Each structure stands twice: as C-alpha cells, then as structure tokens.
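Chain letters run A, B, ... following the sequence lines, proteins first and then strands; every chain starts at 1. It should be emphasised that the depicted structure is a prediction, and the values quoted were computed from it without experimental measurement.
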Amino acid sequence: MRPERYNAKEAEPKWQRTWTERDLFRTRNEDDRPKYYVLEMFPYPSGRIHMGHVRNYTMGDVVARYRRAKGFNVLHPMGWDAFGMPAENAAMKNKVHPKEWTYANIATMRSQLKSMGLAIDWSRELATCDPSYYAQQQRMFIDFLEAGLVDRKTAKVNWDPVDQTVLANEQVIDGRGWRSGALVEQRELTQWFFKITDFAQELLDALDQLDRWPEKVRLMQRNWIGRSEGLVVRFALDPATTPGGETDLEIYTTRPDTLFGARFMALAPDHPLSKAAAAQNPALAAFIEECKHTGTALEAIEKAEKNGFDTGIRAVHPFDPSWELPVYVANFILMDYGTGAIFGCPAHDQRDLDFVNSIGLGNTPVVCPPDADPATFTITDTAYDGEGRMINSRFLDGMTVEAAKEEVARRLESETRGGRPAAERKVNFRLRDWGISRQRYWGCPIPVIHCESCGIVPVPRESLPVTLPDDVTFDVPGNPLDRHPTWKHVDCPQCGRPARRETDTMDTFVDSSWYFARFTDPHRTESPTDRAVVDRWLPVDQYIGGIEHAILHLLYSRFFTRAMRVTGHAGMSEPFAGLFTQGMVVHETYRDAKGSWVMPVDVRIESEGGTRHAFHVETGEPIEIGSIEKMSKSKLNTVDPDDIIASYGADTARWFMLSDSPPERDVIWTEEGVQGAARFVQRVWRLVGDLAEAASLNASGEGSDGSVSLAIRKAAHRAVAAVEDDVERLRFNRCVAHIYELANTLQDLLARAKASPDPGAGSAFREAGQIFVQLLAPMMPHLAEECWQSLHLPGLAAEAPWPLVDRSLLVEEAITLPVQVNGKKRADVTVARDADQAAIEAAVLSLEAVQRAMEGRPPRKIIVVPQRIVNVVA
RNA sequence: GCGGACGUGGCGAAACUGGUAGACGCAAGGGACUUAAAAUCCCUCGGGCUUGCCCAUGCGGGUUCGAUCCCCGCCGUCCGCACCA
C-alpha cells in the first residue's frame with residue numbers, strides 16, 4: 001500500500017543504510033572506466049556543519065551522482081582539515097585536549113554529513129592531524145628540503161600577539177590576524193620557507209591554461225603574483241657624502257624612460273645605507289625609528305603622509321655626471337620589494353609627487369600626453385602615468401614611452417660601473433616565499449633537528465613520523481612544544497650528541513595543499529602517493545569551494561603539486577582542472593527592542609497584504625527585520641542544518657540549496673523557500689503515484705491520434721537534454737526549473753490522457769515516470785529511491801544509468817516563429833520545419849497582423865533567421 | 001588610488017551571448033473542495049490605456065532589420081589588491 005505522504009524521516013536513513021550495505025559509493029582504483037574526480041573543499045572540524053557546507057557538498061554530490069550515472073568511475077572523497085588554532089583555543093578555554101576536541105568534532109560532523117545522503121567513498125576518509133597523514137607530509141618536507149625547495153632565513157614576519165604566532169602575508173587582512181583579528185606586529189625571526197617564488201613565472205604562465213577556472217580567480221592570482229618588468233640601475237654616489245665611502249646604489253624601476261624627470265633618490269628605512277647613515281646621524285636614526293612605529297598598523301600607513309629625511313648623500317645621474325640627486329630615507333619605500341631603493345620621478349608617479357609636494361622639490365614632466373601641448377604641459381597634483389611622447393629628455397625626446405624604456409636599457413646595459421653593467425633588466429614579483437613556521441602545538445611538526453656541531457639535520461626517513469606529544473599544557477601563551485620537558489631533546493642523528501628538535505609546526509595550509517592527492521591512495525604507508533594511481537586520478541576534474549580560497553589555498557596547492565612533481569610524488573603540475581566557486585548562504589537578521597540579535601528559530605513571521613511582521617516566538621514581543629547578511633554566529637542569523645534535516649529532510653534542504661539562485665551567487669535562505677521545496681517533495685511523490693497508475697492503465701482508445709503519448713515522450717526527452725546540459729555546466733538552478741517544468745507538463749498530460757484516451761499513453765507515462773525520477777536522483781536521492789521502488793523498477797535509482805536522449809523527439813515537424821515588423825513583434829507564424837525562405841515569406845506576408853502593421857507599404861526586406869525569427873522591414 | 005564584476009516584475013531569477021523580455025520558483029490576490037482550517041486543485045499577477053496598441057532590462061547616446069546582450073559616456077552596488085617603484 002502506497003502511503004499518501006512521503007515520509008522523509010523514515011525513508012532517508014533507510015536508503016542511506018541500503019547504499020552503505022551495498023557499498024555503492026566505494027571507488028576502486030583498478031576500475032578502468034573513464035575517471036571523474038569531483039571534490040569539494042574539505043571542512044575544518046569546527047564542531048557542527050553549517051548551511052555553507054550543505055550548499056557546497058550538495059553541489060558536489062549532484063555532480064558525483066550525475067557522473068556516476070553517466071558511467072564514469074567517480075572519486076568523491078571526504079576528509080578533515082583537522083590541524084589549527086581553534087583546537088588550541090578550545091584547549092585553553094575548556095581544558096580539553098586538542099586531539100580529543102578535534103576527533104569529537106569530526107565524529108559529530110561526519111554523522112551530520114552522512115545524514116545529507118552524500119555519495120561519498122567514506123573508506124577514503126582522512127584527517128590531516130592523523131600521524132598516518134602527517135608522516136607523509138614530513139617525508140615530503142624532507143624531500144623538498146633535499147631538492148632545494150625549502151629555505152631557512154631570517155625575515156621580517158607578521159607576528160600575531162594574541163595567537164602568539166607568525167602569519168603569512170596572505171593571513172594578514174587589513175593589518176589584523178585572519179583568525180584572531182589582533183593587530184599584527186613586525187618581528188625579525190628565523191623561519192622555514194617554501195620557495196614558491198622559484199615557480200612564480202610558471203604559476204603565472206600556467207594560469208592561461210586553466211580555462212575551466214573562473215576568470216576572477218585567475219585574475220586575483222595574477223595580481224597576487226604581481227610580475228613586473230623593469231631595470232636595476234646602479235647610480236654612482238658621491239663618496240664624500242656617504243657614511244662609509246659607499247660608491248654606488250642599486251635601485252629598481254619599471255619606468256627607466258622617466259630618468260630625466262628624476263628629482264630625488266629614496267631608500268627604505270631599513271635599507272643598509274639608511275642604517276649606516278643613521279649610525280652617524282641621530283636625527284636620521286630617530287626618523288627611522290618613527291617609521292617603524294607607524295609601519296605596524298596598516299590603517300596608519302593608509303593615512304600616513306609621505307615623509308622623508310635628507311641623508312645628505314648625493315647620487316649622480318647616470319646620463320649626466322654634473323647632475324646630483326639628493327638621497328632621502330622615505331617612509332613609503334619597502335625594503336622587501338626590488339632593491340629597497342628608487343629614483344623619484346614626481347611628474348609620473350603619484351607617490352613621488354605627493355612626496356615632493358610636501359617638501360617643495362618640484363617636478364619636470366617628461367612624458368607628454370597625446371592631446372597636450374609639450375610647451376605648456378605641467379603637472380601639479382596629479383601624476384601622469386599614461387602613454388605619450390618624451391619631452392625634456394635630451395636624446396629621448398620624441399620617442400614613445402616604450403621606445404624610451406628600451407633606449408635607456410640599451411645604453412645603460414652597455415656601460416660599466418665598477419666592472420659591472422650600469423643597469424640590468426630584471427623581472428620582479430610581488431609574490432614572496434611561503435613562510436610555513438608556526439609556533440603552535442596543533443600542527444604538523446617540522447621534521448628537523450638542530451645540532452650544535454652538524455647544524456640542521458633532517459630527521460632520518462626511517463624515524464618518521466615525528467609525532468606530537470600528548471602530554472602538553474595550554475595554561476600559558478606561547479608554544480607548548482617548546483616548553484615540553486622532554487620532547488625537544490633528542491640525539492643528533494649524525495653525530496649522536498645531544499641536540500634539539502625543531503619546535504615549529506607547519507602552517508595548516510600545508511596540510512590542505514596535497515590532501516586531494518592523498519585521497520587517491522589514502523592508506524598507503526610507504527610513500528605519500530602511488531605514482532601510477534595519483535597520475536591517473538589527478539587533476540581533480542571538478543573542484544568546488546568558496547571564493548575566500550581564491551588566493552591562499554589554491555595558489556599553495558598549485559605550488560605544492562609542482563614541488564611533488566619535482567620530488568617525484570606526482571606527474572602533473574596543476575591539481576585542479578576545473579574550479580567552481582560557490583556563493584554564500586545569507587539570511588535576514590532580526591533584532592529585538594533592546595537591539596540584541598535574535599535567532600531565526602526564535603522568530604515568528606506574520607504577513608498581511610504583503611507586509612511582514614516579526615514576533616518573538618516565546619515572548620511575543622515585536623522583532624525588527626534587518627538586512628540580509630552572510631550567516632554568522634555574531635549576528636545569530638544562522639539556521640542549523642540538523643534542524644532543517646530533522647523537520648524537512650535532507651532532500652528538501654538539498655533541493656532548496658540548488659533551486660533559488662545561480663550557484664556562484666549568494667542564496668537567501670528563507671522559510672518560505674524551504675516550505676516551497678518541501679511542497680515539491682510531496683508533489684513529486686503524488687505525481688509519481690499518478691504516473692505509476694497511468695502506466696498500468698492500458699487504455700484502448702479508439703480513433704486516438706497518439707498526440708498525448710507523443711507529447712509525453714517529447715516532454716521527457718527534452719527535459720533530459722536540458723538537465724544534462726545544465727548539470728554539466730553546474731547551472732543547478734536551471735536544472736531545477738526544467739524539472740519543475742516537466743512536472744507541470746506531465747500533470748497536464750495526465751489530465752489530457754484522461755479526457756482523450758491514447759493507447760500509447762500507458763507506456764509513455766511509464767517511460768516518463770522513470771525519466772522524471774532519474775532526473776531528480778542526483779538532487780534528491782532518497783526521494784528518488786522511494787519513487788523508483790514505487791514504480792517497481794529494478795535495482796536502485798542510484799545505480800541506474802542516465803537516460804539516453806532520443807534526439808528524434810527533440811525536433812518539431814512544424815515550428816512557430818515570431819514575426820516582427822520593423823523589429824517589433826506583431827504575430828506568430830507556423831510553418832513546416834523544412835519550409836524554404838519563399839514559403840515562409842509568403843506565409844508571413846499573408847498574415848493579417850503583418851499587413852496591418854505594414855500600413856500598405858511594400859516590404860523592403862525580409863530577414864528570416866532559420867528556426868528563430870522573421871523580421872519584415874517596411 | 002588601481003583592478004574586476006554586477007544593475008531585469010513585490011522578491012530569487014530565465015532569456016540558447018544579437019533574434020518573442022520575464023521560463024521556473026517565492027510572495028500576493030481571487031475562486032473550488034471543507035462545518036472550519038491545513039493540504040490540494042483552478043484562475044490572475046511589469047506598468048498604462050481606447051483590447052491591440054504604447055511604455056518597460058540603472059540613466060543618456062551610438063551601431064544594427066533587430067540590443068538585457070556589442071560600443072561610448074554617466075550613476076549606483078558589491079568584491080579583490082593596496083605606498084610593489
């Protein structure tokens with residue numbers, strides 16, 4: 001007996017059990033069908049899943065289930081980005097060990113994800129905090145070290161005073177730590193670095209091949225890598241003016257063409273020459289000290305006036321020995337870009353102009369814009385950085401900017417200064433090496449040993465992994481590994497004398513830079529990957545995640561894959577062939593009279609005549625409905641996936657996540673929308689019941705023309721073609737619309753079949769019912785199984801191959817074309833599919849509406865766009 | 001400041017990138033069924049009037065037989081980078 005209502009609460013766990021019992025989603029590496037690797041960014045085990053996860057994993061699941069039905073050997077794994085600060089914060093706050101906290105969270109979130117009914121191969125699950133995972137990461141660190149891809153150097157680092165750790169540049173947002181939000185300070189520390197800059201050019205060039213990545217992400221990476229072509233120029237210094245008799249100064253410029261517009265030289269405050277000069281000049285030393293202080297907080301930098309201090313040093317213009325330029329120390333020059341020194345051309349660089357305007361040094365324009373008069377062209381407050389012809393520049397006059405750059409480079413390259421060329425062409429990158437040292441406990445230990453006599457010694461591979469000690473304390477800030485009584489004390493593997501372990505752990509972005517490769521053979525102990533296996537699975541065919549990882553995670557992963565290539569752990573350079581960045585889940589915000597945020601579950605909405613009023617569920621007090629914002633704990637506008645799944649079922653949540661907005665855009669979570677999705681679930685259930693009934697009715701209609709059965713088949717096959725096209729382009733909202741459309745059409749046809757019996761309708765409905773369920777299956781898999789069963793179809797919906805489109809059903813014998821007169825639609829005309837131009841023209845001109853619109857004028861031209869439109873020009 | 005994206009009904013959005021603007025959903029209104037409600041089903045739903053015609057895709061121009069789509073100039077919203085020489 002088929003129940004009237006579909007009960008998701010019973011059906012969902014039942015089908016999840018069935019899939020598990022049949023081991024349906026286990027992927028075998030030996031399977032030789034074409035592979036398809038779909039991956040969603042793995043979650044950090046923060047405690048509970050949120051709606052953003054639901055959206056992300058639903059999209060991936062649709063792709064996985066669709067590709068499976070299409071006959072691919074699909075890899076769709078799940079794991080945990082399990083190292084990181086929150087576990088230590090929890091340890092400090094709640095006195096629970098990070099390991100315990102993390103694994104408990106994983107257990108909770110795993111069961112939450114399982115309740116979503118995802119087609120995931122859980123046998124490949126991994127957690128980055130597991131020694132079996134980080135052992136392999138340590139192995140690769142040593143391989144990278146031996147391959148020269150790791151560096152240890154002192155560097156000015158971003159120090160997070162709250163987390164007491166170093167942050168990468170990318171982890172500093174608006175001068176604050178990306179996790180703690182604390183103002184970041186600058187400190188000098190010896191750190192471990194991955195030499196990502198070795199691949200700067202390659203990482204940049206390869207972006208052009210990533211044609212299945214969003215243009216936006218590629219652009220962000222391009223900007224981040226920040227390639228610039230320029231010239232390192234050696235200026236001669238007047239030794240009489242320098243602190244230690246220095247004779248030259250290297251600067252970096254991308255505008256050698258503007259050399260005759262030079263007014264000054266400028267050094268970074270921490271440039272060696274600045275320091276040397278400061279040693280003999282207390283006022284300069286004070287100025288440099290001041291720069292350091294304003295240099296920490298980024299807000300200050302933004303507002304800071306351009307400031308400089310004349311060192312008294314004089315430089316000589318490379319093209320004119322009699323031309324002296326003052327050398328300043330300036331607060332706007334960065335030591336770690338270029339050479340930490342520049343020449344200033346105020347007329348064509350805004351920063352230089354702001355600076356000279358504050359000290360009254362003046363400027364000389366040397367590039368004249370095309371529409372300006374060289375005789376009168378002047379610069380006051382706005383520097384000109386566009387194209388033009390050179391002026392006031394001696395032998396460069398009249399040249400274009402490009403030609404002048406080339407001419408200057410050519411001349412200076414061939415000159416020598418102190419036995420070296422006066423200038424060299426130099427490509428510079430904004431990208432810096434990736435500092436991976438973190439002074440934290442809950443991370444992958446860096447497997448090296450510091451020995452007084454042998455220096456830095458890698459931990460021998462046979463003693464890996466270097467595991468984290470369990471007995472640690474979190475009652476004081478700083479690194480628990482460093483203050484552990486015994487852990488760091490170890491004998492040197494080379495000389496056997498007492499030595500010290502590295503107590504820094506790796507940035508957690510290292511963990512997530514290769515998990516996609518590990519999934520291909522996750523339990524392997526002898527090496528990180530099996531080359532044959534990893535080379536078959538990678539690159540990931542479709543990677544799905546948030547735009548917030550556009551730079552950090554994706555760039556690191558691209559570097560890491562290359563480093564794995566160099567060390568023989570993988571054969572490819574790019575980890576992700578297709579990338580999709582999904583939008584956020586947003587929700588209305590609510591506040592009570594006191595201004596406190598109120599959670600959606602505590603709000604009851606009443607609407608009358610289109611206006612909505614909100615009340616507190618318990619107190620009944622009026623609630624103010626606020627703006628729609630990203631779901632966040634601070635604004636309490638979150639909806640718990642567990643609650644939604646408990647009251648509506650996973651399929652409803654999945655359907656709504658896919659239906660409302662294009663996947664790359666934000667989706668607004670609304671109660672009405674969820675209810676609409678829930679209504680549709682029941683409607684599907686009723687419709688499939690009606691189709692099953694209609695399928696078994698073998699109507700013997702006399703004199704039927706078969707139009708109903710043809711219409712049924714056309715609707716079903718058209719829907720398959722449309723859904724197929726849109727799933728492959730990840731346009732899930734359109735898939736949903738096609739399925740609604742098919743449901744509407746089938747419902748109409750059921751009524752029509754009743755009114756005019758058609759002997760073929762039974763089998764057509766049977767076919768349409770099956771197709772309808774198959775189209776639903778990737779999106780609402782549990783409902784699909786229940787429907788599949790009620791249609792008495794063999795096996796499981798999740799195992800059924802994707803329906804084959806009968807292309808002959810997609811073409812119409814007669815087509816209806818819109819008819820325009822002078823570009824305005826006036827009528828429709830129905831003609832045979834293969835009607836020729838003359839026949840269409842005749843049919844169109846005979847239309848009454850066309851004649852009326854022509855007002856007696858003869859047609860001047862008739863444009864017929866085949867299969868599209870007819871336009872009569874009168 | 002530099003770079004990029006986006007502006008379509010009351011709302012989320014479609015429109016095969018030059019070919020019927022508003023598919024599909026939500027909300028709203030009307031009706032049927034019901035003692036009543038829920039559920040379900042049917043109808044209406046961009047605006048205006050003279051009911052077959054105007055006006056409508058942020059605003060103003062342009063190209064075209066034809067523009068939401070291409071070009072130019074504004075206005076607005078969002079995002080990324082930010083003293084990178």
Side-chain angles (χ1 to χ4, degrees), chain A residues 4-5 174 214-217 219-220 222-224 226-228 230 251-255 258 266 295 298 301-302 304 306 330-334 336-345 348-352 354-355 382-383 385 428-432 547-548 550-551 607-612 656 659-662 664-668 670-677 679-680 682-683 686 722 725-726 731 733-744 747 751 816-828 849 852-853 859-863 865 867-874:
Chain A
E4 239 171 77
R5 284 183 69 77
D174 290 336
E215 188 49 48
K216 182 189 169 72
V217 173
L219 189 73
M220 281 164 75
R222 245 174 237 131
N223 291 340
W224 190 264
R227 183 184 196 274
S228 71
I251 61 99
Y252 179 72
T253 179
T254 56
R255 294 297 302 273
T258 63
L298 226 112
I301 292 175
E302 271 171 54
K306 304 262 178 296
N331 63 350
F332 60 98
I333 307 300
L334 304 172
D336 47 4
Y337 187 80
T339 61
I342 61 147
F343 81 83
C345 174
H348 305 289
D349 184 294
Q350 193 60 47
R351 293 158 302 184
D352 296 349
D354 292 345
F355 177 60
T382 309
D385 61 1
N428 240 316
F429 293 95
R430 208 188 75 111
L431 183 70
R432 310 288 156 74
I547 186 75
E548 66 273 19
I551 298 170
S607 65
E608 43 171 294
T611 40
R612 299 160 73 244
F656 180 57
S659 66
D660 239 36
S661 296
E664 68 278 9
R665 247 181 261 181
D666 290 351
V667 66
I668 307 170
T670 62
E671 191 61 22
E672 293 84 355
V674 184
Q675 281 165 1
R679 268 201 302 277
F680 184 64
Q682 295 302 333
R683 197 177 146 209
R686 284 193 305 273
D725 188 45
D726 283 326
R731 303 202 291 201
N733 58 319
R734 291 176 29 132
C735 296
V736 167
H738 296 312
I739 290 170
Y740 269 117
E741 212 161 12
L742 179 59
N744 292 344
Q747 216 147 19
T816 301
L817 296 173
V819 178
Q820 295 181 334
V821 177
N822 293 328
K824 288 216 162 89
K825 198 212 159 186
R826 298 296 170 183
D828 289 300
R852 188 173 45 221
R860 284 199 290 140
K861 198 165 149 194
I862 301 177
I863 294 151
V865 184
Q867 316 291 311
R868 295 246 82 132
I869 203 167
V870 182
N871 191 10
V872 183
V873 186

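The side chain of Arg852(A) places no N or O atom within less than 4.0 Å of a non-bridging phosphate oxygen (OP1 or OP2) of rG52(B). Between Arg430(A) and the phosphate of rA82(B), there is a side-chain N or O to OP1/OP2 separation shorter than 4.0 Å.
By the salt bridge (Lys or Arg N to Asp or Glu O under 4.0 Å) test, Asp349(A) pairs with Arg351(A), sequence neighbours left out. Not a single salt bridge (Lys or Arg N to Asp or Glu O under 4.0 Å) links Asp354(A) to another residue, sequence neighbours left out. For the side chain to side chain donor-acceptor pair (under 3.5 Å) test, residues two or more places apart in sequence or in another chain that qualify with Asp725(A) are Arg729(A). Shown here are the side chain to side chain contact (heavy atoms under 4.5 Å, CB included) partners of Asp726(A), two or more places apart in sequence or in another chain: Arg731(A), Arg734(A), Cys735(A), His738(A). Remark: Arg826(A) engages no residue in a side chain to side chain donor-acceptor pair (under 3.5 Å) (not counting sequence neighbours). In this structure, Asp666(A) has no side chain to side chain donor-acceptor pair (under 3.5 Å) partners at least two apart in sequence or on a different chain. Taking Glu215(A) as the reference, Arg218(A), Arg222(A) meet the salt bridge (Lys or Arg N to Asp or Glu O under 4.0 Å) condition, with sequence neighbours excluded. Under the rule for a ring pair (Phe, Tyr, Trp, His ring centres under 6.0 Å), the partners of Phe332(A) that lie at least two apart in sequence or sit in another chain are Phe355(A).
Residue Thr670(A) is classed as having no contact, given no heavy-atom separation below 4.0 Å to the nucleic acid. Contact annotation for Arg826(A): backbone-only contact, meaning every heavy-atom pair under 4.0 Å involves sugar-phosphate atoms and none involves a base. Contacts of Ile862(A) with the nucleic acid, taken as non-hydrogen atoms under 4.0 Å apart, are absent.
Distance alone, capped at 3.5 Å, is enough to place a donor-acceptor pair between the Asp352(A) side chain and the Cys345(A) backbone. Panel note: side chain Asn428(A), backbone Ser228(A); no donor-acceptor pair is recorded below 3.5 Å. Although no hydrogens or angles enter the test, the distance criterion places a donor-acceptor pair under 3.5 Å between the side chain of Tyr252(A) and the main chain of Gly230(A).
Classification of rG61(B) as anti follows from a glycosidic angle more than 90° from 0. Here rU34(B) is in the anti range [glycosidic angle more than 90° from 0].
Closest approach to the Leu219(A) side chain among rG3(B), rA85(B), rA27(B) is made by rG3(B) (side chain taken as heavy atoms from C-beta onward). When each of rA85(B), rC83(B), rA13(B) is scored by its nearest atom to the side-chain atoms of Lys306(A), the top-ranked nucleotide is rC83(B). Listed nucleotides rG12(B), rC83(B), rC79(B) differ in distance to Lys216(A); the shortest reach to its side chain belongs to rC79(B). The nucleotide whose nearest atom lies closest to any side-chain atom of Ser661(A) is, among rG12(B), rA85(B), rC53(B), rG12(B). Comparing atom distances between the Ile869(A) side chain and each of rG19(B), rA82(B), rG80(B) picks out rG19(B) as nearest.
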Might you list the N or O atoms of the protein lying below 3.5 Å from N or O atoms in nucleotides 42-46 of chain B, with each pair's distance?
none

Write out a two-atom table: protein N or O, nucleotide N or O from nucleotides 66-69 of chain B, distance below 3.5 Å.
none

List, with names and distances, any nitrogen or oxygen atoms from the protein found under 3.5 Å away from nitrogen or oxygen atoms belonging to nucleotides 23-25 of chain B.
| residue | atom | partner | partner atom | Å |
| --- | --- | --- | --- | --- |
| rA23(B) | O2' | Glu741(A) | OE2 | 2.9 |
| rG25(B) | OP1 | Asn744(A) | ND2 | 3.4 |

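Taking both residues in full, the closest heavy atoms of Tyr337(A) and Phe429(A) are given as CE1-O, 3.7 Å, listed atom of the first, atom of the second, then distance. Taking all atoms of both residues into account, the shortest heavy-atom contact from Val870(A) to Ile862(A) is CG1-CG2, 3.9 Å.
Across rG47(B) and rU57(B), the matching P atoms stand 15 Å from one another, rounded to whole Å. Rounded to the nearest Å, the gap between the C1' atom of rG48(B) and that of rG9(B) is 15 Å. Spacing of C1' atoms, rG31(B) relative to rA13(B), comes out at 29 Å, to the nearest Å.
Side-chain polar atoms of Arg683(A) and Asn744(A) form a donor-acceptor pair below 3.5 angstrom.
Stem analysis of RNA chain B (Watson-Crick or G-U pairs, both distances under 3.5 Å, runs of at least three) returns B:1-7 with B:75-81, B:10-12 with B:24-26, B:28-32 with B:40-44, B:46-49 with B:52-55, B:58-62 with B:70-74.
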